[in-house]
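Everything below concerns the one structure shown next.
Along the sequence shown, the residues carry numbers beginning at 1. Counting starts at 1 for both ligands and their atoms, in listed order.
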Amino acid sequence: MDATTAPHRIPPQMPQYGEANHVFELMQNMLEQLLIHQPKDPIPFMIDHLQRDNDYVPKIIILGPPASGKTTIAMWLAKHLSTNLLSVESLIAKEYSPLAADARMHYQKFKMVPNMLLIRLMQERLKEEDCIRRGWILDGIPETREQALTIQTLGISPRHVIALSAPDTVLIERNLGKRIDPQTGEIYHTTFDWPPESEIQNRLMMPAGISEGETARKLLEYHRNIVRILPSYPKILKVINADQPCVDVFYQALTYVQTSHRSNAPFTPRVLLCGPVGSGKSLQAALLAQKYGLINVCCGQLLKEAVADKSKYGEMIQPFFEKETAVPDNIVMKVLKQRLDQQDCVERGWVLHGFPRDLDQAHVMDSLGYKPNRRLWETLPCASIFCLP
Ligand SMILES: Nc1ncnc2c1ncn2[C@@H]1O[C@H](COP(=O)(O)OP(=O)(O)OP(=O)(O)O)[C@@H](O)[C@H]1O
Ligand SMILES: Nc1nc2c(ncn2[C@@H]2O[C@H](COP(=O)(O)OP(=O)(O)O)[C@@H](O)[C@H]2O)c(=O)[nH]1
């Protein structure tokens, strides 16, 4: 079959460009916003969306029962990520907003804000420039499934949802020790998080609604609602045990919100297996290749085959094999390039082992555009290596 009738081959650079520049995710996010907002004229909307470039700012929801620490964790995350923290209290405290004044009145009278009023307040806040540019964290919102569904319909899509959980008995006990600094709004605890400064200690206040009875009532309300809220976030939800030190909860939450979810983008695995001799690279490479249909590329094997085939590169490699000296990087890279550019590696992906062996080789590989998107390092105690058969 000559070149004019051969099937069209996608050049390897195309999928790699798309992957390196997140083109698929970019288009997917823009399409999502287009379908949600349905602008009269899509073109200016798309231009504005792309120029805003805020697909990767934090968009986080933190849920949890009373005293689980969601406000504490949300405040720490907001500081660490330099993003905006939105809670019912902060939304209704907004000045010069008739909506907020109306919400405050409801909150003072009934200790709650009607769903639609809260959603409109939140929508108003999320449209502000700082939320668009630096993202947001919703602390304890949504409180009901109706709110969750309305938020989704309005196109307010979180990228990460964290649900804290802890036994009710722990939370009732814990809430009794809650204290708030009226000046900074910081949250402390008489046992778990007591400020060292006596000046702060002296001004701490006991917030309302932390008695055993009130916490138990809030817990009942929370359990009734949360089971209907969480199914709204099947693929972006992480439940974290809050019955552990606050700092541990924080770092688990931070690690999660800093991971990006797998998109629907086509993905060609390019796996690099590194590790000392005998660490099992060849075995794991064979298993990975078999399980995922990847091409198993063993650098040492490639060089041996080149010599055995007496190819152009084989003749260059032969003398180094005979002298038992290292084959120069440029020759190794040429043999590797020839293999990795073959259609099967481009289409199915590869698992490479035995190269690179040092930083220079790694730089050469990177400079030629062979960028693995999964890197696995196998370690082994030296003693075990010498015991291998
Ligand atoms: N992991 C933790 N271990 C011990 N104490 C904690 C932990 N997380 C929070 N606390 C303490 O528990 C109290 C309640 O924390 P916080 O107000 O953040 O919880 P919350 O879920 O926002 O509660 P609420 O919904 O009632 O506002 C605070 O005194 C806080 O210092
Ligand atoms: N016990 C044990 N042996 C292994 C494991 N993986 C590989 N081996 C054995 O260790 C030896 C070296 O494995 P190999 O895959 O060639 O290591 P490489 O040098 O890193 O490629 C072989 O005899 C393997 O059967 C493992 O996970 N556990």
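The side-chain contact (heavy atoms from CB on, under 4.5 Å) test applied to T72 returns W76, I187, C246, not counting sequence neighbours. Partners of E186 by salt bridge (charged side-chain N to carboxylate O under 4.0 Å, His left out), not counting sequence neighbours, listed by chain and number: K79. Applying the side-chain hydrogen bond (donor to acceptor under 3.5 Å, both in side chains) test to R348 and every residue at least two apart in sequence or in another chain returns nothing.
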With side chain to side chain donor-acceptor pair (under 3.5 Å) as the criterion, how do Q201 and E197 come out once you've worked through the C-alpha distance, each side chain's angles and the decisive distance to 0.1 Å? CA-CA 6 Å; Q201 291 172 10; E197 303 85 356; over 6 Å; no
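Between E221 and K218, none of the side-chain N atoms (NZ, or NE/NH1/NH2) sits under 4.0 Å from a carboxylate O, so this pair counts as no salt bridge.
Ring pair F45/H37 is tilted by interplanar angle, where 30° to 60° counts as tilted. Using cut-offs of 30° and 60° on the angle between ring planes, the pair H160 and Y256 is perpendicular.
Near ligand 1, residues P65, P66, A67, S68, G69, K70, T71, T72, R174, K178, I187, Y188, H189, F192, A242, Q244, P245, C246 come within 4.0 angstrom through at least one heavy atom.
Within the structure, ligand 2 lacks G275 among the residues with a heavy atom less than 4.0 angstrom away. Taking 4.0 Å as the cut-off, P276 counts as a neighbour of ligand 2 on heavy-atom distance.
The V277 neighbourhood of ligand 2 comprises atoms 19 (O), with distances under 4.0 Å to a heavy atom of that residue. Close approach of ligand 2 to L283 (heavy-atom distance below 4.0 Å) involves ligand atoms 6 (N), 7 (C), 15 (O). Taking every non-hydrogen atom of K281 and a distance limit under 4.0 Å, the qualifying atoms of ligand 2 come out as 15 (O), 17 (O), 18 (P), 19 (O), 20 (O), 21 (O).
The local environment of CD in E322 is crowded, with over 12 non-hydrogen atoms from other residues, nucleotides or ligands closer than 6.0 Å.
Atom CG of residue D243 and atom OG of residue S68 lie 11.0 Å apart, to the nearest 0.5 angstrom.
When only interatomic distances are considered, the shortest N/O to N/O separation between Q284 and ligand 2 does not fall below 3.5 Å.
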